[in-house]
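Below: one structure, written as structure tokens.
For reference, positions follow the sequence shown, starting with 1. Keep in mind it's a predicted model, so treat the numbers as computed, not measured.
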Amino acid sequence: MTAQNITEPGNRIDTVDHVRLRDGVNHANIPALLLCLVQMTGHKTWLESPYAPRRGRGLDDNDSGGLADDLQREIRDAAYSAIVAWLNGCPLALARPTNKQLAEMLSVSMSEVVPDEYGDVVAASLRLDPPAPPPAKSDKPLKAIIIGGGISGICAAMELRNLGIGYQLFEKNSEFGGTWFENHYPGCGVDTPNLTYTFANRPSDWTRYFPGQPEIEKYLLDTAREKGLYDNVTFNVKVQRAEWNAATNQWKVTIAAEDGTESEYIADIVISAVGILNMPQIPVIEGIESFTGQVLHTSNWPDDIDLAGKRVAVIGNGASAMQVVPAIADQVGAMTIFARSKQWAAPFPQFKKPVPEGVRYLMETFPLYRGWVEQRLSWTFNDRVHGTLFRDPDWPEPKRAVNAINDGHREYFTRYVQEELGDRQDLLPLVLPDYPPFAKRMLLDNGWYRTLRKPHVQLIPERLAKVHGSTLSSGSGQQVEADIIILATGYQASNVLGSYDVIGREGRVLREFWEGDNASAYLGTLVPGFPNFFILLGPNVGAGHGGSMIRNIESQAHYAMRIIEMLIAEGATSVEVREDVYNDYVSRLDAAHEKLVWTHPGTENWYRNSRGRVVAITPWRNDSFWRMTRKADPDELTFSDARVGEDIEQTA
């Protein structure tokens, strides 16, 4: 699938399969169809009584809109007729609602208040405005190096190609894909909806609402192939070091091949796209080297592993454990889960749910529908909950919740867990968290609680303290026998850019500047003293309140390209963020985090470093971060030119 204009009429009615199209409309999401009808007909009555949708429950898509069958039929019939008219060349009656109207339309569709400023994001995502003119080309061809070939690296490569800037991408694996190439354990998949986990410039015909790892990996490889990225990539090499040369205002990047041979490359620009989920967290467990069976981390899953009838121990109960445990439970002979902490998990009605073939055809044939479905999903899974996560200093029971709404979430999720456990309520004290919901990333229930009820599955709510041969001992001394140990222990999320050395201006070492695990970056992208160096999916970019990392990565890449355009326009050879701008941003960032649930006293999560500071996620709403990265402010930057050895006056 290639990106289509979302508003211009089709003029291709002769190529349409009306049976498939009608089937798609019959199975389409009613609230999204209503939004399309408003634009197709110009009649806002489609979002008024009796058609206005009722509010859905939880994370459900609310496909019926809570409306009676006769109203649904009326809406589907009207939508089908209007879509056919559009395909016949009839333009949208309301092709460009104002941004405020877009937010109001989404509000009615969701049956809740969506802030007016959210209309900016909706308009951009639906591509309702003409694209910006192409940027000016540099008189001096620039060369860039991209480190990493996962989602961030692919995004950076596509953006650089659009700017006409030559690049070389270095990837440590044998293929593109990053974490989706490395992680292929059973049950591996995404916990954000398909349309939000898709590059904005390359829609996909997803088969599931929440794709599994094989489909995501295929999408990424197909994207790299379609965009010509294989022409500029070197696989199976590791970047060892990147060092700034002030005499030339260029970077020298040292890479090592698999045989240890090192090579050096020179570039004007370096984009670090290694992400934060690339260095496995391996716990220190006494005696694990004596284990008589197999030890593996979920990020290094062997395809030939035989689990049939084996005694399997799983360490951890985070996102990867919640996926792999239900996926393999029925294969193993016995399963023991060592989980020293507890997790909140939300109902997941779309788990493994396929997208109906007709709906897939509707999305391809009528992209406005796909666009509005994405906006609804983005609000539900991204920013809907953000306003409920602020710590109320007057809330009387801070141990269980941070405010009244958060306490309501606790009650809702608690009831869900109780229902899932059924006749095994004895497990409730072992799984029900004693901290507020969303203090850690909310997980989606892939059948975790139902799996814990199985007679051959045992949950030990402690750490694995010691291994001796095939015997595993918990912290309190409880012992079990195992043939295989699966480490579902996540990644070193706070060790940002820990896989290689970065030396900036005047010998500034990034690892030392960050004091080890205390990383920060302006808009997650820029660090003072490191000119022409851009970090994608850097510190404080992921969304703890939910949402697709792809959108924030795309926002960062957009911001980086605007700075590179400015560099070209200024005739400069280097650019970096001012140190005072950086320090002010970090102060505002930390202050914002202190108001939110994930800094709740006594709570541990992977967002925070060894000193308790949040380094992995953003405190901002997704639309706020999008707005921050639309333009680059020259007053926040310092430009220089190695040819004259002086700064170009561009700072305030």
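- For the 3.5 Å distance criterion, the side chains of Tyr416 and Asp445 qualify, holding a donor opposite an acceptor.
- A side chain to side chain contact (heavy atoms under 4.5 Å, CB included) with Tyr361 is found for exactly one of Asp205, Val16, Val19, namely Val16.
- Using a 3.5 Å distance cut-off with no hydrogens or angles, the side chains of Gln343 and Trp448 do not pair a donor with an acceptor.
- Counting heavy-atom neighbours within 6.0 Å of Lys454 NZ, excluding the residue itself, gives a total above 12.
- One side chain, Gln350 or Asp61, offers a donor N or O that lies under 3.5 Å from an acceptor on the other.
- Only one option out of Thr451, Leu459, Leu430 pairs with Ile337 in a side chain to side chain contact (heavy atoms under 4.5 Å, CB included); it is Leu459.
- Between Arg76 and Val25, the closest heavy-atom pair is NH1-O, 2.7 Å.
- Note that NZ of Lys310 and CG of Asp306 are 4.5 Å apart. Values are rounded to the nearest 0.5 Å.
- Side-chain contact between Glu104 and Leu47: absent, with no pair of heavy atoms (C-beta onward) separated by less than 4.5 Å.
- Taking 4.5 Å as the limit, every side-chain heavy atom of Thr489 sits out of range of all side-chain heavy atoms of Pro280.
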- Task: Kindly indicate, with the supporting measurements, whether the criterion side-chain hydrogen bond (donor to acceptor under 3.5 Å, both in side chains) is fulfilled by Glu374 and Ser125.
- Result: CA-CA 9 Å; Glu374 180 185 338; Ser125 299; 5.0 Å; no
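- Donor-acceptor pairing under 3.5 Å is recorded for the side chains of Thr198 and Trp206.
- The two residues Asn406 and Ala401 have their closest heavy-atom pair at OD1-CA, 3.3 Å.
- Here Leu362 contributes atom CG and Leu368 contributes atom CG; the two are 10.0 Å apart, rounded to the nearest 0.5 Å.
- Atom CH2 in Trp372 sits 8.5 Å away from atom SG in Cys36 (nearest 0.5 Å).
- Crowding of Arg340 atom CZ: a count of heavy atoms from other residues, nucleotides or ligands under 6.0 Å not exceeding 12.
- One finds no salt bridge joining Lys399 and Asp434 here, because no Lys/Arg side-chain nitrogen approaches an Asp/Glu carboxylate oxygen to under 4.0 Å.
- Aromatic ring orientation, His593 versus Trp598: perpendicular (interplanar angle above 60°, classes split at 30° and 60°).
- When side chains are defined from C-beta on, Leu106 counts as touching Arg376, because their heavy atoms get closer than 4.5 Å.
- Side-chain contact between Ile151 and Phe199: present, with at least one pair of heavy atoms (C-beta onward) separated by less than 4.5 Å.
- Donor-acceptor pairing under 3.5 Å is lacking for the side chains of His43 and Thr45.
- For the pair Leu487/Ile315, a side-chain contact is recorded, criterion being any heavy-atom separation below 4.5 Å from C-beta on.
- Smallest separation of non-hydrogen atoms from Glu175 and Leu221: OE1-CD2, 3.3 Å.
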- Go through Arg202 and Glu226 one step at a time and tell me if the salt bridge (charged side-chain N to carboxylate O under 4.0 Å, His left out) criterion holds. CA-CA 10 Å; Arg202 190 177 180 273; Glu226 180 184 295; 3.2 Å; yes
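- Closest heavy-atom contact between Pro97 and Leu94: CD-O, 3.7 Å.
- Annotation for Leu67 and Gln72: closest pair O-NE2, 2.9 Å, computed over non-hydrogen atoms.
- Side-chain N/O atoms of Arg22 and Asn26 include a donor and acceptor closer than 3.5 Å.
- Atoms CZ and CZ, from Arg370 and Arg360 in turn, are 13.5 Å apart once rounded to the nearest 0.5 Å.
- For the pair Glu364 and Arg20, the salt-bridge criterion is not met [side-chain N within less than 4.0 Å of a carboxylate O].
- When all heavy atoms of Val541 and Gly524 are compared, the closest pair comes out as CG2-CA, 3.7 Å.
- A distance of 6.0 Å or more separates the ring centres of Tyr435 and His600.
- Between Leu596 and Phe390 there is a side-chain heavy-atom pair separated by less than 4.5 Å.
- Among Tyr209, Phe210, Phe381, the one residue that satisfies the ring pair (Phe, Tyr, Trp, His ring centres under 6.0 Å) test with Phe348 is Phe210.
- The pair Arg551-Glu554 meets the salt-bridge criterion, since a charged nitrogen lies less than 4.0 angstrom from a carboxylate oxygen.
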- Message: Run the salt bridge (charged side-chain N to carboxylate O under 4.0 Å, His left out) test on Arg621 and Glu117 for me, step by step, so that the C-alpha distance in whole Å, both residues' side-chain angles and the decisive distance to 0.1 Å come before the verdict.
- Response: CA-CA 11 Å; Arg621 218 168 57 193; Glu117 60 268 26; 3.1 Å; yes
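- Checking each of His386, Arg627, His545 against Asn622 for a side chain to side chain donor-acceptor pair (under 3.5 Å) leaves exactly one that passes, namely His545.
- Taking the six-membered ring for Trp, Tyr197 and Tyr219 have ring centres at least 6.0 Å apart.
- We find the NE2-CD1 distance between His18 and Ile83 to be 11.5 Å, quoted to the nearest 0.5 Å.
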